[in-house]
Amino acid sequence: MNISFFNIFFLLIPLFLLILGLKIFKVNLIKRSIISIGRMILQLFLVGIYLEYIFKLNNWIVNLIYLFLMITIASISTIDMVKLNYKKIILPLFCSIFLSWIIIYALYQSIILHNINFFEVRYIIPISGMLLGNVLKGQIIFLNNFFTQIKDGEESYFYIISMGATKFEALREFYRRSIISSLQPDLANMATIGLVALPGMMTGQILAGASPFISIKYQISITLVIFSIRCLSLIFTTFVINQIAFDKFSRLRKDIFR
Amino acid sequence: MIKLEKINLTLRQQPIFKNLNLHIIKDKKILLKMPSGAGKSTLLKVIMGYIPIDNGNIIIDKEILDKNNIDSLRQKFAYISQNIFFTEESVEKYIELIFSFKRNKDIKLSNSNLYTLLEKFDLDKNILKKSPLLLSGGEKQRIALILVLLLDRKILLLDEVTSGLDHDLKIKVIEIIKNLNKTIIISSHDNQWLDYDEFEVVGW
């Protein structure tokens, strides 16, 4: 069933009444709500328009360019959130995310979607979007955690280096903790999936008329590859950090921060 | 053994060392006794190659410290600083971790040595089963020292290793360090070190 924009805008009226109502608690979020809601509507509108085009074209080069764009934006957002130096990190991080995506999507395509053309827009764009969105979340937690830890624990790092550890041996504990904290939200998410909220993709498929059983099969397969890509991208990024964030003296390079 | 030649270092626009020269011969024990902020801890880190210097040379056993020999030169040292935390779930596991490093593979961890050292440093054997999170600052400092002695490094750089100890323990630890046949550089605010002639006081 199609829904009308006119009706959607009706939803804004109760929403703004509620936001006004929050003033009882001296919560003044009117300006921020207007900006956020406005951005949400505008961005989705634009996405709708260009996805219509991309879907009509269904051209593999266009799809690939779109994916490159998504990966670039994911890399930039990560660097932005972790406050790293763009120039130093952008290329290695891009490679790490790109490699993770190509390996995991190729795996998914060849095992689950083997009857479908690799660049078929209806599959590659939304599935890659879900994969990359999750990579983004995972990378931000991982990198934030790692650099905070190594800055706070620099003396311990130096101590253990002086006790004979190689750079990797000395950093292993920092990596271990950061990887766990990066994967934890996803593990928790998988453990409670479907108990309260149905995952967005499943909801979408059901609303679009698919049988619940088909939609859970998609959901299970996607959830598995999401976890896989989060693991894989952490492995690649760990490798990247090990290479570029430290100098020949095994010291943390100050110039990788902004 | 250790020679610093014309070391210049500026950190956050603050000049720390200006043409600093220092020569430490083998088995000498040096006490850096200076006010806070003079760069005592920084000097130890500079010798370890942990802080890049603006210019000057660090010469260890006639070798100028650079990126090619840093790993092998660091193996002559042990460095203990003020704020270290141990990983792993118990002190014992942490000790095993240190001895599992590739470079330490050839060193045998002898339990009898470990127990003797624990006793010497006034620590109970049960501490090995404890989680590192439950150790006091003084206990951590002593465990760190024990590990350094087990690895038997030639040069020790000790940054405030007695700060978390009570008076009697300070004396005990200082006396152990005093009798070691090693080149040692100590940075400390504690005055008890001054009571021993073995430590030569150095400043700049």
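Chain identifiers are assigned alphabetically (A, B, ...) following the order of the sequence lines, protein sequences preceding nucleic acid strands; residue numbering begins at 1 within each chain.
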Please tabulate the donor-acceptor pairs under 3.5 angstrom that span chain A and chain B, backbone and side chains included.
| unit_1 | atom_1 | unit_2 | atom_2 | d |
| --- | --- | --- | --- | --- |
| A/Glu155 | OE1 | B/Ser81 | OG | 3.1 |
| A/Glu155 | OE2 | B/Lys45 | NZ | 2.6 |
| A/Ser156 | OG | B/Phe85 | N | 2.9 |
| A/Phe158 | O | B/Tyr50 | OH | 2.6 |
| A/Tyr159 | OH | B/Ala144 | O | 3.2 |
| A/Ser162 | N | B/Tyr50 | OH | 3.4 |
| A/Ser162 | O | B/Arg153 | NH1 | 2.5 |
| A/Ser162 | OG | B/Tyr79 | N | 2.9 |
| A/Ser162 | OG | B/Tyr79 | O | 3.4 |
| A/Met163 | O | B/Asn104 | ND2 | 2.8 |
| A/Gly164 | O | B/Arg103 | NH1 | 3.2 |
| A/Ala165 | O | B/Arg103 | NH1 | 3.0 |
| A/Glu169 | OE2 | B/Lys102 | N | 3.0 |
| A/Phe249 | O | B/Arg74 | NH1 | 3.1 |
| A/Phe249 | O | B/Arg74 | NH2 | 2.8 |
| A/Arg251 | NH1 | B/Gly49 | O | 3.1 |

Task: A/Met81, CE: over 12 other non-hydrogen atoms inside 6.0 angstrom - done: no

Return all side-chain donor-acceptor pairs below 3.5 angstrom for residues 184-201 of chain A, not counting sequence neighbours, or 'none' if the list is empty.
| unit_1 | atom_1 | unit_2 | atom_2 | d |
| --- | --- | --- | --- | --- |
| A/Thr192 | OG1 | A/Ala188 | O | 3.2 |
| A/Thr192 | OG1 | A/Asn189 | O | 3.4 |

- [ ] Answer with side chain, backbone, both or neither: which region of A/Phe174 has an atom nearer than 4.5 Å to a non-hydrogen atom of chain B?
- [x] side chain

- [ ] Find the distance between CZ (B/Phe77) and CD1 (A/Ile161) and round it off to the nearest 0.5 Å.
- [x] 14.5 Å

Task: Within 6.0 Å of CZ in A/Phe239, more than 12 heavy atoms from elsewhere - done: no

Task: Which atoms of A/Ile160 approach chain B - backbone, side chain, both or neither, heavy atom under 4.5 Å - done: both

- [ ] Check whether B/Leu97 gets within reach of chain A through its side chain, its backbone, both or neither, counting any heavy atom under 4.5 Å.
- [x] side chain

Open item on the list: Is it the case that over 12 heavy atoms from other parts of the model lie below 6.0 angstrom from the CG atom of A/Leu99?
Closed with: yes

- [ ] Please flag which part of B/Ile70 lies under 4.5 Å from any non-hydrogen atom of chain A: side chain, backbone, both or neither.
- [x] side chain

